Amino acid sequence: MGLVDTIIGHNKEKQILLNALKKDRLATTYLFCGESGIGKRTFALEFAKVLNCEHPTAESDSCDHCSCCRKISSNNHPDLFVVAPESNVIRIEAIREVQEFLSLAPYEGRKKIVIIDDAHLMNQPASNAFLKTLEEPAANSLIILISNLPELLLETIRSRCFRLNFALLNEEETIQVLKRHLGIIEEEMLRALARLCMGRPGIFGGAEYEEIMGEFDNIAGALETKKVSDRVTDRTELEHWIERITIIFRDILLTMVHPHLKDALIVDSLQGFYNRISKKLDIDSIIKLYTRLTDLKRSLRFNINLSIARNYIESKLNEHY
Ligand SMILES: [Zn+2]
């Protein structure tokens, strides 16, 4: 399976890149944008195989079993360098390693490839250093930046990249990804998870169905105690926590406004909880909580302090709930 078969959905992006490759008109730097959990990183790795595959198919796709493809699958290819943030930041040392990597000719492939995941987490010195790399691109190299928050990248970096906007997966594509990666086959479970992730099947990681649904029970419990779970220890986890609680708010609201539309609930296992809660709360409070928390989620992207965010949520729960 090459890029085309391994990646479910994102057909326009596949076509753009494979056509550019066929015509020898690839850009030197790409920016893969789009929500988290939709497969941008997997796509970048599969495209790296395409670029260096020893036995490409007639459609220029990778073979997925030559030595190059296998080395990339096991993250062990000498011409591929992947940068990921450490403790939520990409520092200048990582960019210096990129520069050193790019200063040498390809070792066994046709191109040197750099993938920078969560590129918006480069701090100022890293961004400035990286800008220099973009201004003087190394021969036979290709850089892919990945970001779900591209607006946080320097404009001078963004303007030097060929941008591809990856869309959310549709329901059928989401189900296919869940089947393949979580190994779930029960239709009902698949539909429930597809509704939960809203086109972003990657957000579940490798978690089991019971684990995922259990998290919602925990969050529903947190509403009763008016406390953010102690398990939330960093901003990404808090962001996920808020995402899940807003799903619960959305379901509570639906239960209040259209109690006959039970099929449209996202977490229908919480139906009993929703019925109980919807009798205690008024619509206005739920809408206010929903709005406050979605606003807060947006602020989290701008480095708001975790304990301030936690206190804020707990005070809003006490106020409106
Ligand atoms: Zn291959």
Side-chain angles (χ1 to χ4, degrees), residues 1-34 37-84 94 97-119 133 137-147 161-167 169 173-174 176-183 201-202 205-206:
M1 290 205 302
L3 170 78
V4 171
D5 293 330
T6 305
I7 300 296
I8 294 165
H10 307 311
N11 295 327
K12 189 182 83 210
E13 289 72 23
K14 289 176 193 165
Q15 231 170 26
I16 291 174
L17 291 175
L18 290 177
N19 280 341
L21 178 65
K22 265 189 214 166
K23 292 180 184 155
D24 198 20
R25 291 173 77 169
L26 281 174
T28 50
T29 310
Y30 285 89
L31 171 56
F32 287 7
C33 305
I38 56 175
K40 301 185 297 298
R41 188 171 190 276
T42 315
F43 191 114
L45 289 168
E46 287 303 319
F47 189 56
K49 288 184 190 171
V50 171
L51 292 171
N52 277 334
C53 177
E54 290 160 16
H55 309 292
T57 66
E59 291 77 36
S60 300
D61 203 346
S62 64
C63 71
D64 205 35
H65 53 254
C66 69
S67 137
C68 157
C69 289
R70 277 186 283 121
K71 281 182 185 170
I72 290 179
S73 290
S74 57
N75 195 17
N76 192 25
H77 195 289
D79 296 316
L80 171 66
F81 193 82
V82 181
V83 178
E97 281 182 56
V98 167
Q99 290 166 339
E100 204 182 308
F101 170 81
L102 289 174
S103 69
L104 303 168
Y107 187 69
E108 57 183 63
R110 294 182 290 277
K111 268 189 194 295
K112 302 279 270 191
I113 301 154
V114 173
I115 297 174
I116 305 186
D117 204 1
D118 285 326
T133 308
N140 301 320
S141 71
L142 187 126
I143 300 175
I144 300 175
L145 302 181
I146 299 176
S147 178
C161 302
F162 187 106
R163 178 170 172 154
L164 289 174
N165 294 313
F166 287 71
L169 299 183
E173 291 163 348
T174 304
Q176 275 188 60
V177 174
L178 292 170
K179 260 189 200 162
R180 198 182 282 177
H181 296 285
L182 295 186

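For ligands, and for the atoms within them, numbers begin at 1 and follow the listed sequence. Bear in mind the structure is a predicted one, so any value in this text is a computation, not a measurement.
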Vertex the Zn ion (ligand 1), arms to Cys66 SG and Cys63 SG, rounded to 10°: 110°
pair Lys14-Phe43: side-chain heavy atoms closer than 4.5 Å: yes
N, O or S of Cys53 under 2.8 Å from the Zn ion (ligand 1): yes
Partner of Leu51 by side chain to side chain contact (heavy atoms under 4.5 Å, CB included), out of Ile72, Leu80, Ile113: Ile113
N/O/S from Cys68 sitting under 2.8 Å away from the Zn ion (ligand 1): no
Lys179, NZ atom: more than 12 neighbouring heavy atoms under 6.0 Å: no
Name of the residue among Glu173, Arg180, His181 meeting side chain to side chain contact (heavy atoms under 4.5 Å, CB included) with Val177: His181
